[in-house]
2 protein chains.
Amino acid sequence: MSDLLERLRGRGWRLTSQRRVVAEVLDGEHVHLTADEVHARAVQRLPEISRATVYNTLGELVGLGEILEVATDGRAKRYDPNAHQAHQHLVCSGCGAIRDVHPQGDPLAALPAAERFGFVLSGAEITYRGLCPDCTTNAVP
Amino acid sequence: MSDLLERLRGRGWRLTSQRRVVAEVLDGEHVHLTADEVHARAVQRLPEISRATVYNTLGELVGLGEILEVATDGRAKRYDPNAHQAHQHLVCSGCGAIRDVHPQGDPLAALPAAERFGFVLSGAEITYRGLCPDCTTNAVP
DNA sequence: TGTTGACTTAGACAAAGTCCAAGTTAGGAT
DNA sequence: ATCCTAACTTGGACTTTGTCTAAGTCAACA
């Protein structure tokens with residue numbers, strides 16, 4: 001993560017304690033936190049940090065390509081620190097758990113030219129849906 | 001669309017003017033409207049229809065599998081009347097335009113067992129991203 | 001044509017996120 | 001080491017999107 005802080009310095013970022021704390025929270029937990037969850041964890045380390053700063057910092061990190069925004073449901077966006085390795089997401093329809101997964105092949109290859117409507121494609125996001133082992137076991141009929 | 005209204009009657013729906021109007025709006029425009037856009041169009045035909053009823057009706061139609069909820073950004077959900085044919089979405093990163101597309105093959109096939117973590121998969125949603133012809137032409141450097 | 005439970009309404013409420021003016025501060029300049 | 005200043009942070013108001021509720025209305029059956 002000191003990598004990240006160095007990269008940000010190199011891009012002209014002022015390295016404030018708030019930004020450091022947000023970066024540390026994202027690095028510490030390799031899960032997909034909402035902005036409010038990031039804020040809650042940041043407050044543990046820096047009680048006076050504001051919601052606005054967390055939102056600002058997350059937005060900046062997304063803009064720099066250091067983290068990814070993930071919207072797997074219509075609720076709060078989640079932030080994925082694993083931005084430097086291509087991956088997709090597997091979401092449990094029961095409990096909402098999210099896992100990073102790595103499908104084979106290039107997803108863009110499945111879209112024939114006739115289905116591209118003149119668009120210049122830049123990427124594809126895949127959300128696999130299913131029930132995790134826990135929710136399968138405790139499934140309701 | 002009278003098909004749809006008949007199907008809904010068959011499921012015990014009371015056929016109110018409000019529900020009829022919401023169904024007509026979705027049928028009339030084969031685009032991906034937000035709830036507020038559906039409400040705005042519904043108001044043209046039935047001025048006193050309320051936001052709550054539009055939300056209720058959209059939720060019911062989703063529950064019945066007659067329309068799909070699409071969340072391609074972190075903003076408002078969009079509603080897709082094309083629920084009876086499997087398809088994915090192609091979204092313009094410039095203007096937000098959405099098109100239905102039909103990739104080849106089964107998207108689930110690309111996810112090897114080792115990457116399924118014991119989940120029982122039920123489906124996959126793919127969002128292809130790119131620039132539409134208009135936004136490519138008028139692209140800013 | 002009456003009855004009744006399902007449906008609709010307006011508005012309050014909630015969650016997620018944005019914006020702003022005022023105060024603070026990191027880091028280069030002196 | 002201290003100063004300066006643009007960049008950053010703050011709290012709170014505000015916006016957008018969506019949910020909930022109590023009271024009123026009405027579609028469909030008898």
Side-chain angles (χ1 to χ4, degrees), chain A residues 5-25 32-43 45-64 66-80 96, chain B residues 2 4-25 32-43 45-64 66-80 96:
Chain A
L5 294 178
E6 281 313 309
R7 280 202 298 280
L8 297 176
R9 264 174 96 97
R11 305 216 210 193
W13 255 37
R14 272 179 48 180
L15 205 32
T16 65
S17 52
Q18 291 85 350
R19 286 172 167 175
R20 200 188 321 266
V21 163
V22 170
E24 284 171 6
V25 166
H32 302 77
L33 300 174
T34 64
D36 263 5
E37 288 166 349
V38 172
H39 180 238
R41 283 166 167 72
V43 162
R45 307 183 186 216
L46 189 63
E48 67 277 23
I49 192 171
S50 74
R51 266 174 17 99
T53 295
V54 171
Y55 275 101
N56 287 343
T57 305
L58 289 172
E60 289 156 358
L61 288 170
V62 170
L64 293 174
E66 296 290 348
I67 63 176
L68 296 176
E69 232 172 41
V70 183
T72 54
D73 57 4
R75 318 289 307 207
K77 292 173 194 160
R78 295 181 171 273
Y79 293 89
D80 183 341
Chain B
S2 48
L4 170 55
L5 294 178
E6 280 314 309
R7 279 203 298 281
L8 297 176
R9 264 174 96 96
R11 305 215 210 195
W13 256 36
R14 273 179 48 181
L15 204 32
T16 65
S17 52
Q18 291 86 349
R19 285 172 169 177
R20 200 188 320 266
V21 162
V22 170
E24 284 171 6
V25 165
H32 302 77
L33 301 173
T34 64
D36 262 5
E37 288 165 350
V38 172
H39 179 238
R41 283 165 167 74
V43 161
R45 307 181 187 217
L46 188 64
E48 67 276 24
I49 192 172
S50 75
R51 265 174 17 100
T53 295
V54 171
Y55 274 101
N56 287 344
T57 305
L58 289 172
E60 290 156 359
L61 289 170
V62 170
L64 293 173
E66 297 289 348
I67 63 176
L68 296 176
E69 233 172 40
V70 183
T72 54
D73 57 4
R75 318 286 309 204
K77 291 174 194 159
R78 296 181 171 272
Y79 293 90
D80 184 343

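Just so it is clear: chains get the letters A, B, ... in the order the sequence lines come, proteins before strands, and each one is counted from 1.
- Checked against salt bridge (Lys or Arg N to Asp or Glu O under 4.0 Å), Arg45(A) has the following partners two or more places apart in sequence or in another chain: Glu24(A).
- In this structure, the ring-ring contact (aromatic ring centres under 6.0 Å, His included) partners of His32(B), at least two apart in sequence or on a different chain, are His89(B).
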Pairs: protein N or O with nucleotides 24-27 of chain C N or O, under 3.5 Å:
from    : atom 1 : to       : atom 2 : distance (Å)
dT25(C) : O2     : Arg14(A) : NH2    : 2.8
dA26(C) : O4'    : Arg14(A) : NE     : 3.3
dA26(C) : O4'    : Arg14(A) : NH2    : 3.2
dG27(C) : OP1    : Leu15(A) : N      : 3.1

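- Contacts of Glu37(B) classified as salt bridge (Lys or Arg N to Asp or Glu O under 4.0 Å), with partners at least two apart in sequence or in another chain: Arg78(B).
- For Ala35(A), the side-chain contact (heavy atoms from CB on, under 4.5 Å) partners at least two apart in sequence or on another chain are Tyr55(A), Leu58(A), Tyr79(A).
- In this structure Arg19(A) satisfies the side-chain hydrogen bond (donor to acceptor under 3.5 Å, both in side chains) test together with Glu60(A), sequence neighbours excluded.
- Looking at residues two or more places apart in sequence or on another chain, you find a side-chain hydrogen bond (donor to acceptor under 3.5 Å, both in side chains) between Arg41(B) and Glu29(B).
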Per-nt protein contacts along nucleotides 12-22 of chain C (heavy atom under 4.0 Å; B base, S backbone sugar-phosphate only, - none) come out as ---SSBBB---

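- Nucleotides of DNA chain D lying under 4.0 Å from heavy atoms of chain A occupy a range whose first and last members, 5' to 3', are dA6(D) to dG11(D).
- Taking Thr53(A) as the reference, Ser50(A) meet the side-chain hydrogen bond (donor to acceptor under 3.5 Å, both in side chains) condition, with sequence neighbours excluded.
- Under the salt bridge (Lys or Arg N to Asp or Glu O under 4.0 Å) criterion, Arg14(A) pairs with no residue, sequence neighbours left out.
- Among residues two or more places apart in sequence or in another chain, the side-chain contact (heavy atoms from CB on, under 4.5 Å) test is passed with Leu15(B) by Leu5(B), Arg9(B), Arg20(B).
- Atom CD in Glu48(A) sits about 18 Å away from atom P in dG23(C), given to the nearest Å.
- Of all the heavy atoms in Ala76(A) and Thr34(A), the pair that sits closest is CB-CG2, 4.0 Å.
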